[in-house]
Trainee: 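Right, I'll just put the structure down here and ask away after.
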Amino acid sequence: MNDIDYSLYLVTGRELLPSGKDYFESLEESLQGGVTVVQIREKNTDTGEFIKIARASKVICDIYNVPLLINDRVDVALAINAHGVHLGQDDMPIAQARKMLPKDAVIGVSCNNVGHVKAAVKEGADYVGIGAVWGTKSKSLTSPIIGVRRVGVMLEALDGTNVKAVAIGGIKSTNLLRTLHGTVSSTGHALDGIAVISEIVASAEPRRATETLANILSGFRADFPHPPGLDTRLTSDLYVTGDLSPETVLEGVVQLMETIRGLNPLVHQITNTVVATQSANITLALGASPIMATESREMEDLAKISGALLVNIGTLRGECFDGMKKGGFFANQFRKPIVFDPVGVGASAFRQETVNELLNTWQASVIKGNAGELAALAGTKEVEAKGVDSVGSGFKDPVSFVKALAKRERCVVVLTGTTDYISDGVSVVSLKNGDAMLGQITGSGCVLGSCIAAFCATAAHLASDEEKNSDGKLAKGDMFLGAIAGVLVLTVAAELAVQREDVKGPGTFLSGLIDTLWALRSDDVQNLAKVSIE
Ligand SMILES: Cc1ncc(COP(=O)(O)OP(=O)(O)O)c(N)n1
Ligand SMILES: Cc1nc(C(=O)O)sc1CCOP(=O)(O)O
């Protein structure tokens, strides 16, 4: 039997009820709010008492036609005629439970890695509970926290099966949309639902807490519908650009260029100390407004008023981490684009761990890096890096690489180099503009991040009303186009800047570049752009 709606799975936890709140009243309110399946979890209760609580809970669930499962205990499930059981890795084996339970009983299994998922499929589980995806205070964990970005490979192991999947551990209304996006596999396999304890049980208003989660889930599903069929695959892509041709790309870029000065978007930049001043000046020259703030205590306020956030880890220090983490968290919460520049990510374990934790916390709209940085992010040794620079001639097949990484990270990826490649995971655009002089000033890659962020803020402003009113996306507007515009504007300006009479070398190039950007017309970009669709 696997026709259960796993969308909003409540696991009970009487010890977490707010003082004075009755357990059965809380359960009923959560059912009224839209819980679709309930698991009774009693870790410190005698068998007799467990059966009593489960039986009374089932009476309430039956009224709402919501299936009830029992945690760990097949005997309790049999005693109250529950719909099934949830088993941990150390509980009764699935085959044994199947023998004891009625034919159509549901059996779910806890999984912490791909091996667990494969075994659960083989042994005939109906669903897997994947956890913990975030840290949780509701249980002392004995297995490592998986992190949102590692759930996708576990879901991929369910491709082609009818085994469903829910994520569990630390899921809150504030991280739910990020959880739903970040867990989608490269094959488009999404979660069937989420399981929570404290977000509902610890609430004084469980009905409202449940409704909030249900609204986020339905917003995500409306924007990324699942087709009917065996797999939970998403039908639509993250950033859908209309017909893609060099002409349509340039039309879009021109529109962004013609909007940015009137809009003057505020671009919040948490960047490195080497390039902060030139990044701010470049942002101003584009017609946007920079704010270079790093203090974690102001991140929520800034996310409300900014058009986009840039996070650049160039001069990463431990004390920057909280600001970066909170900055991205609130940018996701207020649906503002995030441009992430993982500068030198392969250079140290500290950078790698930090990047991993940042990307597990928030969803970037655009990730930009050179070949060495993106290779380190993707976990391939095909391209090596020396500090913040890439070594060698890059990827053998940059088009496939950038597309696969964009698909995996569910965002636009910009691979910089002599040719720049940009992908949204579906299409790849290559741009062949720029000048070698860009390599003679420090931080040209970093200021590119500022340009992309400024145009992503503009693209978000130009999102259709329909898109602005939808709830399922973490950033609205065409981020693919925003990224393309950022790269084109900077690289075309570099070509024009080197031709200026007052530019004699790297020093005058930087000021010439700022002046050229300040005066750049959309005609210049249209005439000089070298755009190809790969
Ligand atoms: C839906 C869901 N997923 C995972 C678990 C964890 O179960 P288990 O590993 O048996 O640990 P305990 O819950 O028994 O502490 C779950 N209960 N539900
Ligand atoms: C019961 C349980 N199992 C987990 C696992 O990782 O298997 S995490 C967890 C606790 C979930 O509670 P909350 O929603 O309050 O974080």
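In each ligand, atom 1 is the first atom listed, and ligand 1 is the first ligand listed.
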Trainee: Does the side chain of Thr187 come under 3.5 Å of the side chain of Lys407 through a donor N or O and an acceptor N or O?
Mentor: no

Trainee: Quick one: which ligand 1 atoms are inside 4.0 Å of a heavy atom on Gly129?
Mentor: 3 (N)

Trainee: Closest heavy-atom contact between His181 and Arg410?
Mentor: O-CD, 2.8 Å

Trainee: Do any nitrogen or oxygen atoms of Thr136 come within less than 3.5 Å of a nitrogen or oxygen of ligand 2?
Mentor: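 Thr136 vs ligand 2: N/O contact under 3.5 Å present.
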
Trainee: So, is Arg41 polar-close to ligand 1, with some N/O to N/O distance under 3.5 Å?
Mentor: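 Yes.
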
Trainee: Under a 4.0 Å heavy-atom limit, does Asn71 contact ligand 1 with its side chain, its backbone, both, or neither?
Mentor: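 Answer for Asn71: side chain.
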
Trainee: Consider every N or O of Ala195 and every N or O of ligand 2, then say whether any pair is closer than 3.5 Å.
Mentor: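 For ligand 2, there is no N or O atom that lies under 3.5 Å from one belonging to Ala195.
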
Trainee: If we only count N/O pairs under 3.5 Å, is Ala195 in contact with ligand 1?
Mentor: no

Trainee: Under 4.0 Å from ligand 2, counting heavy atoms only, is it the side chain of Arg41, its backbone, both or neither?
Mentor: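 Arg41 to ligand 2: side-chain contact only, backbone stays beyond 4.0 Å.
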
Trainee: Among all protein heavy atoms in this structure, tell me which lies nearest to atom 7 (O) of ligand 2, with the distance rounded to 0.1 Å.
Mentor: Lys139 NZ, 3.7 Å

Trainee: Please report which non-hydrogen protein atom sits nearest to atom 14 (O) of ligand 1, along with the residue it belongs to and the distance in Å to one decimal place.
Mentor: Lys43 NZ, 2.5 Å

Trainee: Measuring centre to centre across the rings, with the benzene-like ring taken for any Trp, is Tyr9 within less than 6.0 Å of Tyr127?
Mentor: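 Between Tyr127 and Tyr9, which both carry aromatic rings, the centre distance is below 6.0 Å.
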
Trainee: Is there a polar contact between ligand 1 and Tyr9, counting only N or O atoms under 3.5 Å apart?
Mentor: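 No, there is no polar N/O contact under 3.5 Å.
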
Trainee: So Ile194 and Ile168, do their side chains get closer than 4.5 Å, heavy atoms only?
Mentor: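 Side-chain contact under 4.5 Å: no.
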
Trainee: State whether the shortest distance between N or O atoms of Ser138 and N or O atoms of ligand 2 falls below 3.5 angstrom.
Mentor: yes

Trainee: Could you say whether the N/O atoms of Tyr127 and ligand 1 ever approach to under 3.5 Å?
Mentor: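 In fact, backbone or side chain, Tyr127 has no N or O that close.
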
Trainee: Just do the salt bridge (Lys or Arg N to Asp or Glu O under 4.0 Å) check on Arg98 and Asp126 with the steps written out, would you?
Mentor: CA-CA 11 Å; Arg98 276 263 176 256; Asp126 294 295; 2.8 Å; yes

Trainee: What is the distance from atom CD1 of Ile422 to atom CG of Leu415, rounded to the nearest 0.5 Å?
Mentor: 9.5 Å

Trainee: Who's the nearest protein heavy-atom neighbour of atom 18 (N) of ligand 1, and how far?
Mentor: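 I find the closest protein heavy atom is Gln39 NE2, 3.0 Å.
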
Trainee: Under 3.5 Å between some N or O of ligand 2 and some N or O of Val11?
Mentor: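 No, since none of the N or O atoms of Val11 sits under 3.5 Å from an N or O of ligand 2.
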
Trainee: Closest heavy-atom contact between Glu409 and Leu359?
Mentor: OE1-CD1, 4.2 Å

Trainee: Within ligand 2, which atoms have a heavy atom of Gly169 less than 4.0 Å away?
Mentor: 8 (S), 16 (O)

Trainee: Mind checking the CZ-CZ spacing from Phe330 to Arg335? Nearest 0.5 Å is all I need.
Mentor: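 Between Phe330 CZ and Arg335 CZ, I get 14.5 Å after rounding to 0.5 Å.
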
Trainee: I'd like to check which ligand 1 atoms, numbered from 1 as shown, lie under 4.0 Å from a non-hydrogen atom of Gly88.
Mentor: 8 (P), 9 (O), 10 (O)

Trainee: When you measure from the side chain of Ser365 to the backbone N and O of Met479, does any donor-acceptor pair fall under 3.5 Å?
Mentor: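 Absent.
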
Trainee: Give, for atom CZ of Phe480 and atom CG of Asp478, the distance between the pair rounded to the nearest 0.5 Å.
Mentor: 8.0 Å

Trainee: Of the side chain and backbone of Ser110, name the one, both, or neither that has a heavy atom under 4.0 Å from an atom of ligand 2.
Mentor: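 None of Ser110 does.
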
Trainee: Can you give me the closest heavy-atom contact between Gly147 and Asn360, atom names plus distance?
Mentor: C-OD1, 3.4 Å

Trainee: Within the 4.0 Å heavy-atom shell around Val196, which atoms of ligand 2 are there?
Mentor: 14 (O)

Trainee: Tell me the protein heavy atom at minimum distance from atom 14 (O) of ligand 2, and give that distance in Å.
Mentor: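 Result: Ile197 N, 2.9 Å.
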
Trainee: With atoms numbered from 1 as shown, which atoms in ligand 1 lie under 4.0 angstrom from a non-hydrogen atom of Asp72?
Mentor: 10 (O), 14 (O)

Trainee: Begin with the C-alpha distance, continue with both residues' side-chain angles, and end with the deciding distance and a verdict on side chain to side chain donor-acceptor pair (under 3.5 Å) for Thr183 and Arg150.
Mentor: CA-CA 7 Å; Thr183 49; Arg150 280 174 45 216; over 6 Å; no

Trainee: Taking the minimum heavy-atom distance to atom 16 (C) of ligand 1, which of Lys139, Arg73, Gln89, His86 ranks first?
Mentor: His86

Trainee: Is there a donor in the side chain of Asn71 and an acceptor in the side chain of Gln39, or the other way round, less than 3.5 Å apart?
Mentor: yes

Trainee: If you have a sec, work out which protein heavy atom is nearest atom 9 (O) of ligand 1 and how many Å separate them, to one decimal?
Mentor: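 Of every protein heavy atom, Ser110 OG, 2.8 Å lies nearest to atom 9 (O) of ligand 1.
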
Trainee: Is there a donor-acceptor pair under 3.5 Å between the side chain of Thr45 and the backbone N or O of Glu49?
Mentor: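 Side chain of Thr45 to backbone of Glu49, a donor-acceptor pair under 3.5 Å: no, none is there.
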
Trainee: Any idea which heavy atoms bring Leu10 and Ser30 closest together, and the distance?
Mentor: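 That would be CD2-OG, 3.5 Å.
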
Trainee: With heavy atoms of Gly131 as the reference, note each atom of ligand 2 found under 4.0 Å away.
Mentor: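 Listed by number with element: 6 (O).
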
Trainee: Relative to the heavy atoms of Asp91, which atoms of ligand 1 are at a distance of less than 4.0 Å?
Mentor: 10 (O)

Trainee: I need the atoms of ligand 2 closer than 4.0 Å to a non-hydrogen atom of Ala132, numbered in the order shown.
Mentor: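 Listed by number with element, the hits are 6 (O).
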
Trainee: For Ser198, counting its heavy atoms only, list the atoms of ligand 2 lying under 4.0 Å from any of them.
Mentor: 13 (P), 14 (O), 15 (O)

